[in-house]
Amino acid sequence: MDAVTEFPLFVVVTHALNILFVTLLIRSGIEVLSSMPKLYWSDGCPPGREWLRLSRDNYGAADRRPWVSLDEERHWHPVIALPGRANLGLGRHWHFLTVQFWVVTGAVYIVMMFVSGYWHNLVPTQWSIVPEAIRNVGTYLHFQLPEQLPGQPFDAVQKLTYFAVVFLLAPLQIASGAGMSPAVLARFPRYGRLFGGKQGARSIHFLGMCAFSVFIVVHVVMVAVHGVPSEFAKIFLGSAEADPVVATVVGSLVLVTVVLVHIGATVFSRTRPRQAQRVLGVVVHRFEYLLSRLGSSRQQYRRSDISEYHRVNGYPPTDDNYQGLAADGFRSYRLPVGGLVARPVTLSLPELAGLGFTHQITNHNCIQGWNGIAEWGGVPVTALIDRVRPAASVTHMVFYAMDDKALTEGRGRYGYFYEAVPMSIVRAPQALLAMEMNGAPLPIEHGAPLRLRLENQLGYKMVKWIEAIEFVDDITEIGMGQGGYREDQLYYGNTPGI
Ligand SMILES: Nc1nc2c(c(=O)[nH]1)N[C@H]1C(S)=C(S)[C@@H](COP(=O)(O)O)O[C@H]1N2
Ligand SMILES: [Mo]
């Protein structure tokens, strides 16, 4: 019986693109993982209860020396992580750029597959394929090649594996990836529960990446076993009849190109990080902003959901001014609110609370991957906006903090923490100026006396220890002009919806 040895052009092209995109996704995903190489099954990430830890550090809930989540970040080698050596900001840029191309490629492949009838080669229609696939595995283990299915290009175990990768694993990666997005989780809390919460989604996403990696290794070994020239003829030229020498040359060129793109992406990101942030940001920032707009927060957790442990990120201000404020319970704290507004004000905490006090129990998502649920009490940002009446030209609200990073973070970073937030995000439901956490005044480490809550964004936008608020129509003159301290110093995006 004749084995089919022809592959349509769309399979050849999407397969080649897939080699590039999946490897970029894996390397940039490893970079994201390196910023907190610990995996949990339950939300809240209680230290010490990770099911997998890929670093030697062991910060505990009861450590006497204070630690913050940035201390958990690890520097992994650029050969495995894109761009490597602790650059979460650009790792995320690569991940969220590539995923868009990958999803489009996948969509084209699936549509073409059903239009062309090629789906018969991947989608099993008879149960008898299962015992046959098991027999095939036995054949492979005897270092022999099983027979292809009649009239099809694959044997039974290949067909089943490719079906699982295309129709189960790839969708699972997309779904679990979305299950980590603060905007998706905020808008559709029930969707998050499908995966057992943010940490379940994160763990499943990691295991999916492992499954992809195992598949790739076995797949590549099999190509070698079947013989490179004849396999390259099918993979890269679409026909077993193609000239094996030409096929080997073309296939090698494709693979070399993939390697060159990886090297280029790594070197570009490492030597010109600001330019990489800008260029990749053209696509990625729009994607993140759109997600943030679509997913406004509808969270209402129960008291019993509140995490027993809530990580901290960012060391508190150390200066005398802040110590003095804290010493008298922040009674002398005043919040100046100005910029392009009709009625600038300076408010004490009771005056601010007088604008309307509410509570919300919500989930905090740090960019590094941990989360925690807490009850926050404070004043909706919209109440303050209504009070000062910003000009029509205002685009961002800027929150300036009291922590000077040169003193509190070191590592060559400097300047006061600040974040600029687009008006649509501060106007969203549940954007809150919080003064209380879990029913008590805000603790120092969580931002006393006042911090921001933006419930569909990542944690770094939620400025703690707020010193002043300004309404502006241009953020390019503030700090290094990227829209926030973490954007300036760590190349994060400006409106993180994922
Ligand atoms: N002023 C200031 N605000 C900040 C930070 C900081 O370093 N300084 N870190 C941010 C980050 S990265 C996160 S995840 C949250 C952490 O909030 P938490 O410490 O209350 O958990 O605060 C955000 N707000
Ligand atoms: Mo964070």
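In listed order, ligands and their atoms are each counted from 1. Nothing fancy with the numbering, it's 1 onward along the sequence. Since the model is a prediction, treat every value here as computed from it, not as a measurement. The analysis underlying the following values was restricted to heavy atoms, covering all of them including side chains, and did not include hydrogens, waters or symmetry mates.
Ring pair Phe195/Tyr191 is perpendicular by interplanar angle, where above 60° counts as perpendicular and below 30° as parallel.
Checked options Arg274, Arg92, Lys461, Arg278; the residue passing with Glu487 is Lys461 (criterion: salt bridge (Lys or Arg N to Asp or Glu O under 4.0 Å)). Checked against Tyr485 for a ring-ring contact (aromatic ring centres under 6.0 Å, His included), the options Tyr460, Phe417, Tyr416, Tyr414 give a single hit: Phe417.
Side-chain contact annotation: Ser34 with Glu73, donor-acceptor N/O pair under 3.5 Å absent.
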List below, pair by pair, the N or O atoms of ligand 1 and of the protein that are less than 3.5 Å apart, including the distance to 0.1 Å; reply 'none' if no pair qualifies.
| residue | atom | partner | partner atom | Å |
| --- | --- | --- | --- | --- |
| ligand 1 | 1 (N) | Asp403 | OD1 | 2.8 |
| ligand 1 | 1 (N) | Asp403 | OD2 | 3.4 |
| ligand 1 | 1 (N) | Lys464 | O | 3.0 |
| ligand 1 | 3 (N) | Lys464 | N | 2.9 |
| ligand 1 | 7 (O) | Lys405 | NZ | 2.6 |
| ligand 1 | 7 (O) | Arg486 | NH2 | 3.3 |
| ligand 1 | 8 (N) | Asp403 | OD2 | 2.7 |
| ligand 1 | 9 (N) | Asn313 | O | 3.2 |
| ligand 1 | 17 (O) | Arg451 | NH2 | 3.2 |
| ligand 1 | 19 (O) | Asn313 | N | 3.0 |
| ligand 1 | 19 (O) | Lys464 | NZ | 2.4 |
| ligand 1 | 20 (O) | His446 | ND1 | 2.7 |
| ligand 1 | 20 (O) | Arg451 | NH1 | 2.7 |
| ligand 1 | 21 (O) | His310 | ND1 | 3.4 |
| ligand 1 | 21 (O) | Arg311 | O | 2.7 |
| ligand 1 | 24 (N) | Met462 | O | 2.9 |

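Under the 6.0 Å cut-off for aromatic ring centres, His364 and Trp376 do not qualify, their centroids lying 6.0 Å or more apart.
Glu72 and Arg311 are joined by a salt bridge, as a carboxylate oxygen and a charged side-chain nitrogen come within less than 4.0 angstrom of each other.
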